[in-house]
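Everything on this sheet refers to the single structure shown next.
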Amino acid sequence: MKHWLLKTDPDTFAWKDLENAPGKKTIWDGVRNYQARNLMRDDMSVGDLALFYHSQSDPPLVMGIVSITKTGIADPTQFDRKSKYYDADANPAEPRWMTIEIGLERALPKPVPLPDLRVTRGLENMVLLRRGSRLSVQPVTDKEWTIVLRMGGL
DNA sequence: GCCAACGTTGGC
DNA sequence: GCCAACGTTGGC
């Protein structure tokens with residue numbers, strides 16, 4: 001089983017939105033970056049776990065744990081003219097933007113602030129902490145996973 | 001609000 | 001194929 005980190009701007013979709021979603025599940029739509037897409041399409045499996053991270057908050061926080069509940073989903077927003085993620089070049093026969101469905105596993109008892117991650121030994125190479133890192137879907141090593149969960153009170 | 005870093009677009 | 005211009009992300 002692999003571990004991941006999913007970044008989201010809470011103004012767009014927050015942890016509480018996941019808590020309120022039917023079945024506490026959601027399609028992870030709107031990702032428009034090829035590297036992120038490739039990770040979701042090629043490397044994620046049902047049952048993998050991911051950290052749910054709020055960017056653009058003060059401070060940015062790791063909020064909780066989600067699981068990958070479905071893979072190989074064509075992001076419906078690419079075909080939706082009314083969506084801000086609409087892609088005029090997307091072809092329904094060969095969808096460009098593939099995504100996943102996630103389900104809530106559990107909230108971290110203590111959400112972990114980004115500044116704490118930055119000063120924690122063992123996380124020096126975490127993708128999230130790399131300079132200029134903007135990737136919204138990232139791999140997390142087993143070691144990093146264990147450290148972050150412990151910081152979060154698990 | 002600022003701005004560095006990054007990804008994409010498009011002219012050549 | 002190069003690279004300048006542009007738009008976006010996201011920490012601060």
Side-chain angles (χ1 to χ4, degrees), chain A residues 2-21 26-44 48-68 71-102 104-105 107-141 143-153:
Chain A
K2 299 196 200 70
H3 293 122
W4 308 94
L5 182 145
L6 298 175
K7 208 185 274 185
T8 178
D9 175 351
D11 287 342
T12 302
F13 190 87
W15 179 259
K16 66 168 168 40
D17 295 319
L18 183 59
E19 287 179 333
N20 294 331
T26 190
I27 292 180
W28 204 242
D29 59 18
V31 175
R32 293 293 180 271
N33 170 282
Y34 288 104
Q35 198 178 345
R37 178 205 67 182
N38 292 347
L39 288 171
M40 293 195 291
R41 187 188 61 186
D42 304 333
D43 297 326
M44 278 189 181
D48 285 357
L49 297 175
L51 300 170
F52 189 102
Y53 173 82
H54 278 182
S55 64
Q56 312 274 92
S57 70
D58 187 18
L61 293 168
V62 178
M63 297 297 293
I65 302 171
V66 299
S67 60
I68 312 308
T71 59
I73 301 170
D75 183 338
T77 61
Q78 68 191 305
F79 306 122
D80 178 0
R81 290 179 173 279
K82 297 192 298 283
S83 169
K84 67 177 284 199
Y85 304 115
Y86 176 66
D87 182 344
D89 296 330
N91 171 9
E94 205 174 340
R96 171 181 298 184
W97 302 110
M98 300 300 292
T99 188
I100 54 164
E101 179 193 66
I102 60 168
L104 188 151
E105 288 294 322
L108 290 181
K110 298 185 298 175
V112 184
L114 178 62
D116 289 6
L117 296 175
R118 288 202 185 282
V119 297
T120 299
R121 279 195 57 181
L123 300 183
E124 293 84 359
N125 296 318
M126 200 170 173
V127 176
L128 182 70
L129 306 182
R130 291 186 193 155
R131 225 164 80 89
S133 171
R134 285 172 23 185
L135 195 58
S136 66
V137 177
Q138 311 178 354
V140 172
T141 67
K143 189 176 93 176
E144 291 161 353
W145 180 264
T146 303
I147 293 172
V148 176
L149 261 52
R150 189 177 307 134
M151 292 172 74

Which residues pass the side chain to side chain contact (heavy atoms under 4.5 Å, CB included) test with [X], not counting sequence neighbours?
{"X": "A:P109", "value": "A:L154"}
{"X": "A:K110", "value": "none"}
{"X": "A:T26", "value": "A:F13, A:L18, A:W28, A:I102"}

For the pair made of [atom1] in [X] and [atom2] in [N], what is the distance, rounded to whole Å?
{"X": "A:L129", "N": "B:dA5", "atom1": "CG", "atom2": "C1'", "answer": "16 Å"}
{"X": "A:K84", "N": "C:dT9", "atom1": "NZ", "atom2": "P", "answer": "7 Å"}
{"X": "A:Y85", "N": "C:dT8", "atom1": "OH", "atom2": "P", "answer": "12 Å"}
{"X": "A:R131", "N": "B:dG7", "atom1": "CZ", "atom2": "P", "answer": "14 Å"}

Partners meeting salt bridge (Lys or Arg N to Asp or Glu O under 4.0 Å) with A:D87 (sequence neighbours left out): A:R96

Residues that A:Y34 engages under ring pair (Phe, Tyr, Trp, His ring centres under 6.0 Å), provided they are two or more places apart: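 A:Y34 satisfies ring pair (Phe, Tyr, Trp, His ring centres under 6.0 Å) with A:W97 only.
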
Dump the pairs, protein N or O against N or O of nucleotides 10-12 of chain C, anything under 3.5 Å, distances to one decimal.
residue	atom	partner	partner atom	Å
C:dG10	OP1	A:K7	NZ	3.1
C:dG10	OP1	A:R134	O	2.9
C:dG10	N9	A:Q56	OE1	3.1
C:dG10	N7	A:Q56	OE1	3.4
C:dG11	OP1	A:Y53	OH	2.7
C:dG11	OP2	A:Q56	N	3.1
C:dC12	OP1	A:R118	NE	3.3

Sub-4.5 Å side-chain heavy-atom contact between A:N91 and A:F79: no

